[in-house]
Number of protein chains: 2
Amino acid sequence: MATIRDVAKLAGVSVATVSRVLNQNGYVNEETEKRVRQAIEQLNYKPNEVARTLFKKTSKTIGLIVPDISNPFFPELVRAVEDVTNIYDYTVILCNSDEKIEKEKEYIEVLKQKYVDGIILTTNQLELAEVSELDVPVVVLDRPLNHSFPSVIADNYGGARLATRHLYEIGCRRIAHIQGPLHVVNAVERFKGYRDEMQELGLWDEDLVILGNYQLNQTKEAVLQALKEHEIDGIFAGNDVMAVGALKAVQQLGLRVPEDVAIIGYDGIPLTEMTTPELSTISQPIYEMGAIAARLLVKKIEGQPLEQIHHVLPVKLVQRQSTSKGEKK
Amino acid sequence: MATIRDVAKLAGVSVATVSRVLNQNGYVNEETEKRVRQAIEQLNYKPNEVARTLFKKTSKTIGLIVPDISNPFFPELVRAVEDVTNIYDYTVILCNSDEKIEKEKEYIEVLKQKYVDGIILTTNQLELAEVSELDVPVVVLDRPLNHSFPSVIADNYGGARLATRHLYEIGCRRIAHIQGPLHVVNAVERFKGYRDEMQELGLWDEDLVILGNYQLNQTKEAVLQALKEHEIDGIFAGNDVMAVGALKAVQQLGLRVPEDVAIIGYDGIPLTEMTTPELSTISQPIYEMGAIAARLLVKKIEGQPLEQIHHVLPVKLVQRQSTSKGEKK
DNA sequence: ATACTTTATGTAACCGGTTACATAAGATAG
DNA sequence: CTATCTTATGTAACCGGTTACATAAAGTAT
């Protein structure tokens, strides 16, 4: 691997001049520049990014901490972050935290030691104190953390009300909710939206709340149980995977979707189009969320002012077969 | 941020001694070590990984190039790589190539400039010449590239024969194959397995080969077309997503799965359990593939000998409802 | 003609670690 | 008692870039 000193020697100039050519700053004579570029070409010289990082304290790398890339909600988010940061020449270090605070802390430490320029965090557990100690730019994605960092989230509460109301409007009156893990802020927000809407509709009944863990099988079992114990004609699942679990349970009991039990999920991942019947869902602008977070982070890194710190993106109802009963209004 | 010199000053020793304490090499007096550790504690000193990288030329970082993390086959693979490399204290830079040779080359260049210790490549387009110029350890994952690098792949050819034979055994005689993109080596291997098995069974008919692009909608359209033009009672799809496309097409025509048309996919992603009927598939040990590749890479980086360079993992038939016709044998 | 600005280039310190080499005291061997 | 080894520590070069500062020639204003 050729170094800048090799180039300098070959071109008959000092390293400073080569550096000036590379970075296009300072004064360099046209002739000299040509010679330097030739030397670079000839040696196939590529500047060492690590040396540059050490001096400049900026690595053109960002950290992205997600709970689990295998959760089908995240790949698209990650992809968006990668796409956008790449435009600005950043690479992405991917970290899976499994929602474990210990892993998050460890990763943050490692990322700092590697001089990442910024971090996008998808978490809801890290304490304000911990995170604000960070001296790197941070953007919080998908989970409201607190108000000191720029954030990008979707309207969980509103989406939940929308889903609940939709089930009501197609005729459901005994609407159950499969709630996600209680330690996940978004799951709680969605629950609140459901609860408030149900109360407003005068349909609230706490027996209709089913606890899920965002996984297929556990949800299916929980829903089987619930369907046996309570009368239910609509299910609002806290995410799409749990909606599939509900679908499986309903079908297993020989009930029809949506005629006997209508189902709506949450997130709008591609999976919802693959089931039979296709699942209605509250669709979040997943890619856009990632893209906006990435843009915010880049701006923050580059010291540009942010016009808007907190972004709450709208969600939208996507009605498919699982809530299309014809006209039972 | 405290540096090693700050620590040295506070502890009243030289930087060399601090370095010795940190790296546990060379001689250090017990008393001295205690003082140094105290100083480290007091200053909350964390060694600067970049400076270390510059000198040691190893970054404890690897690059992972995949076609597209949004393709549901890859998240689990990525997760496995992350899990395993993390055990050995590596972090992972994730790169999406979209199977574009230009992006791959760019990423490889950037990764090298960042002194990554190794690269895991999921590609089949990069020429031998290009890749062997790399002076970093490389492991090829999921796609056979050539024989100069360690590789981890699953038995695509065998899996395809298995799938085809399975359809035959449950009574199908007009077995179509949805082939993946022709530039993807795996897709071609699967096609060959299908073709050879069909020929051996005396059922080969080239009209039964449908070209898919690994996507849902295009596949569905192609299958609708094929079902109208040809008699078909079994479909072997080149991946699971295309199997869902086939399922949609069959159902849209009012045909029953598996009674009228049996369907089997390939990959074994979680999606296959979420459809109705659940999809039979050829299951690849996805997580294991990623884990093995990661272990190979770490070994290569650390200069350990590899007992085995090329790993071809077995696949297995997972029979579910989409190929369970009762006993029409 | 003098003073100041612009252009052009080089020297060397710096970023924050690691380590080869030098030095020296105490332990052990012959 | 001297030679050699082990233990302990420091000095300074090094990794490969960037840049402050110095120097000087050429251009421009007064």
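For the numbers below, each heavy atom of this structure counts, side chains included, while hydrogens, waters and symmetry mates do not. In what follows, chains are A, B, ... by sequence order, proteins preceding strands, each numbered from 1.
Rounded to whole angstrom, the span from the CG atom of Leu22(B) across to the P atom of dG16(C) amounts to 15 Å. Separating the CZ atom of Arg5(A) from the P atom of dT18(D) is a distance of 11 Å, rounded to the nearest angstrom. What separates CG of Asn25(B) from P of dA8(D) is a distance of 14 Å, to the nearest Å. Rounded to whole Å, the distance from CZ on Arg20(A) to P on dG16(D) is 21 Å. A straight line from CG of Leu54(B) to C1' of dG17(D) spans 8 Å, rounded to a whole angstrom. Nucleotide dG16(C) holds its P atom 11 Å from the CE atom of Met1(B), rounded to whole Å. In this structure, Asn48(B) atom CG and dC14(C) atom P are separated by 17 Å, rounded to whole Å. Rounding to whole angstrom units, NZ of residue Lys9(A) and P of dT9(C) are separated by 20 Å.
Remark: Lys57(B) is not in phosphate contact with dT18(C), judged by side-chain N or O atoms under 4.0 Å from OP1 or OP2. Listed pair Asn23(B) / dT18(C) meets the phosphate criterion, a side-chain N or O lying under 4.0 Å from OP1 or OP2. OP1 or OP2 of dT7(D) lies within a sub-4.0 Å distance of a side-chain N or O belonging to Tyr27(B). Remark: Lys56(B) is not in phosphate contact with dC14(D), judged by side-chain N or O atoms under 4.0 Å from OP1 or OP2. For Asn29(B), a side-chain nitrogen or oxygen approaches OP1 or OP2 of dA8(D) to under 4.0 Å. Between Thr3(A) and dG16(D) there is no side-chain N or O to OP1 or OP2 distance below 4.0 Å. Contact annotation: Thr17(B) side-chain N/O to dG10(D) OP1/OP2 distance is under 4.0 Å.
Note on Val50(B): nothing from the nucleic acid sits closer than 4.0 angstrom, heavy atoms only. Nucleic acid contact for Ser19(B): base, since at least one base atom lies under 4.0 Å from a heavy atom of the residue. Residue contacts for Thr32(B): at a heavy-atom cut-off of 4.0 Å it reaches the sugar-phosphate backbone alone, with no base atom in range.
If Glu30(B) and Phe55(B) are placed on DNA chain D by their nearest nucleotide, the residue sitting closer to the 5' end is Glu30(B).
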Legend entry - Thr122(A) and Asp142(A): CA distance, side-chain angles, deciding distance, side chain to side chain donor-acceptor pair (under 3.5 Å) verdict: CA-CA 6 Å; Thr122(A) 307; Asp142(A) 182 44; 6.0 Å; no
Inset, instruction - I would like to know whether Thr91(A) and Lys114(B) meet side chain to side chain donor-acceptor pair (under 3.5 Å); could you show each step before the answer? - result: CA-CA 10 Å; Thr91(A) 51; Lys114(B) 295 197 174 182; 2.7 Å; yes
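For dG16(D), its base never sits under 3.5 Å from the side chain of Arg52(A) at any donor and acceptor pair.
Checking Leu64(B), Val66(B), Leu111(B) one by one against Cys95(B), the side chain to side chain contact (heavy atoms under 4.5 Å, CB included) holds for a single residue, Leu111(B).
No hydrogens or angles considered: nothing links the side chains of Asn96(B) and Tyr107(B) as a donor-acceptor pair under 3.5 Å.
In this structure a side-chain-to-backbone donor-acceptor pair under 3.5 Å is present from Thr61(B) to Ser59(B).
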